[in-house]
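One structure is given here, and the rest of the page talks about it.
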Amino acid sequence: MVKIQALKIGDKNHVCEEEVYAALFDTHSKTIFNYIYYKFGNEEKAYDVVQEAFIKLWENCSKVSPDKAKSYVYTVSNNLYLNVIKAEKVRLKHRQEALNLEYETPEFVMEQREFKDKLEKALQNLPENQRTTFLLNRIDGKKYVEIAELEGVSVKAIEKRIHLALKSLREQIDGI
Amino acid sequence: MQENYLAKWLNNELTEDELAIFKKSKEYETYRKIVEASDSLAGPDFDMANAQKRLDNKRQQKKGKVIALNPLKRYLRIAAAIALIFGASFFYYTNTLDETVTTQFAERANIILPDASKVLLNADSQVTYSEKSWNHKRNITLKGEAFFKVSKGERFTVTTDGGTVTVLGTQFNVENRKGFFEVSCYEGLVSVQFGQNEKKLPAGQALMVVDGQLRTFETIRRNKPSWLTGESNFKSIPLKFVLDEFQRIFNIEVSTKNLDLSQLFTGSFSNTDKELALQSISVPTGMKFKLKGNKVLFYAEEP
């Protein structure tokens, strides 16, 4: 129940500082959560990974500088359940459309729904790393550089994955 | 087309020519639709407040590290029995022991006690308390300097060589160095005992005993001690205590030559900027200093 932190004098901007730590959590927890979810389709595990990654950060707060903290939690998250979890079905939600559906013809709306169903099925069939990369880019708006950092690979490898993901999605949807 | 052109297209990195060619291809329409449809997808709902709460709970419980057991399963039972005996006795032993937290030069510590009272320990200081009996006896022994934020509850006592401070729930700072005892009250009311005397100290007041003499009562204008905001502050304090504090904060060995260490010093010095701190001490007192590695010499120039 007793928490003791050692601090270095003069280190105001230190991960052990409650405010710095809380800010890091605010900024990065959602990305990590989504990242793990896209990989394994398991929300419970995604929560666990977020928690464990930040516990690790806390335990090592005196050794990790604030500018390294992001890549630290990314790396920890990546290593945590690497081969342990069995992937489940990734379920995605549809954002409420801003456009007025009533102006569209029923056929058009139908077609759109069908297309989305096809897309989801195709996403399900993508290899884990292509799906994760594609969704981080499309849903979370992450730049290739940042995904590369998360996955611990080069930007070029991320571009390859995006390229292959798009190619494979199109082939599945067009029924080739 | 360049390599990974689909990724380049998604990132708006295709040249105009390439884009024109790509748009003419029969696959383009499906690609466009995929991107459009995927943009309306959303990830799972992330309950950040809940995640934060779970994390805080976990951080509270977390004390030891988990070590993976080795796969020699048949030894596990024996190992578990032995571990249980050792664990139980260790648990009993540590539980009856007092907790001690010590800081070295240039270090500080943040301690949260079982009742959520907070202690901020300054450099070269030590507190000792019993975790087990904390809930019915809030006694803490202090050597050095600390700021206390006491949760409401039973009597809270800080014992030092220089005197004893008793409160019910408040914020106060205690500094007890060799020959120097100071208590500043920032909130509530504290009762200070030193020698045969007892003084009640309301918020905004401080008392100081230097070499056995009760010296001053001064009002505090700030709402927390200056060392918490990265500054050491002095008002008519003998120079030797100022230099001792400098040594504690920066972990730099201080020596002096031709100086009157009992002259009084009023001012403050930065706890983060060594050069600035040296200037702040030496300029008003008219002394010179030489800084060499981890040592500093303060001296007065011969007249």
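Quick note on labels: first sequence line is chain A, next is B, and so on, each numbered from 1. Worth saying up front: this structure is predicted, and the values here are computed from it rather than measured. Computation of the quantities below employed the complete heavy-atom set of this structure, encompassing side-chain atoms and omitting hydrogens, waters and symmetry-equivalent molecules.
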Shortest non-hydrogen separation from [X] to [Y] and the atoms involved:
X: A:F25; Y: B:M48; answer: CE2-CG, 3.8 Å
X: A:L119; Y: B:A37; answer: CD2-CB, 3.8 Å
X: B:G43; Y: A:I139; answer: N-CG2, 3.4 Å
X: A:Y21; Y: B:L55; answer: OH-CD2, 3.6 Å
X: A:F115; Y: B:T30; answer: CZ-O, 4.2 Å

Measure the [atom1]-[atom2] distance between [X] and [Y] for me, rounded to the nearest 0.5 Å.
X: B:W9; Y: A:I162; atom1: CH2; atom2: CD1; value: 11.5 Å
X: A:I173; Y: B:I34; atom1: CD1; atom2: CD1; value: 4.0 Å
X: B:L6; Y: A:L164; atom1: CG; atom2: CG; value: 9.0 Å
X: B:R59; Y: A:Q51; atom1: CZ; atom2: CD; value: 11.0 Å
X: B:L41; Y: A:E120; atom1: CG; atom2: CD; value: 6.0 Å

What part of [X] gets closer than 4.5 Å to chain B, counting heavy atoms only: side chain, backbone, both or neither?
X: A:D26; result: both
X: A:L169; result: both
X: A:Y47; result: both
X: A:Y37; result: side chain
X: A:L123; result: side chain
X: A:K118; result: neither
X: A:E159; result: both
X: A:K167; result: both

Suppose the criterion is ring-ring contact (aromatic ring centres under 6.0 Å, His included): which pairs have a residue in residues 144-165 of chain A, not counting sequence neighbours?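 Listed by first then second residue: A:H163-B:Y5.
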At a heavy-atom distance under 4.5 Å, which candidate from B:P44, B:A51, B:S270 has the highest pair count against chain A?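 Among B:P44, B:A51, B:S270, the one with the most close pairs to chain A is B:P44.
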Among B:D47, B:T103, B:V119, who wins on heavy-atom pairs under 4.5 Å with chain A?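 Sorted descending by pairs with chain A, the first entry is B:D47.
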Select one option (side chain, backbone, both, neither) describing which atoms of [X] are under 4.5 Å from chain A's heavy atoms.
X: B:E29; result: neither
X: B:N11; result: both
X: B:Q52; result: both

Taking atom [atom1] as the centre, does [X] end up with more than 12 heavy-atom neighbours from other residues, nucleotides or ligands that are less than 6.0 angstrom away?
X: B:K149; atom1: NZ; value: no
X: B:Q2; atom1: CD; value: yes
X: A:E128; atom1: CD; value: yes

For B:R54 and A:E44, what are the C-alpha separation, side-chain angles and deciding distance, and is it a salt bridge (charged side-chain N to carboxylate O under 4.0 Å, His left out)? CA-CA 12 Å; B:R54 280 173 47 167; A:E44 202 39 49; 3.6 Å; yes
Out of A:V50, A:I158, A:N137, A:L166, return the one with the most heavy atom pairs under 4.5 angstrom to chain B.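 The option with the most such pairs is A:L166.
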May I ask you to name which of A:F33, A:F54, A:Y38, A:F134 has the most heavy-atom pairs under 4.5 Å with chain B?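 Of A:F33, A:F54, A:Y38, A:F134, A:F33 has the most heavy-atom pairs under 4.5 Å with chain B.
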Quick one: do B:E13 and A:K143 satisfy salt bridge (charged side-chain N to carboxylate O under 4.0 Å, His left out)? Show the steps, please. CA-CA 13 Å; B:E13 284 174 25; A:K143 300 262 182 292; over 6 Å; no
Would you call B:K33 and A:E114 a salt bridge, using N to O less than 4.0 angstrom?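 No salt bridge links B:K33 with A:E114.
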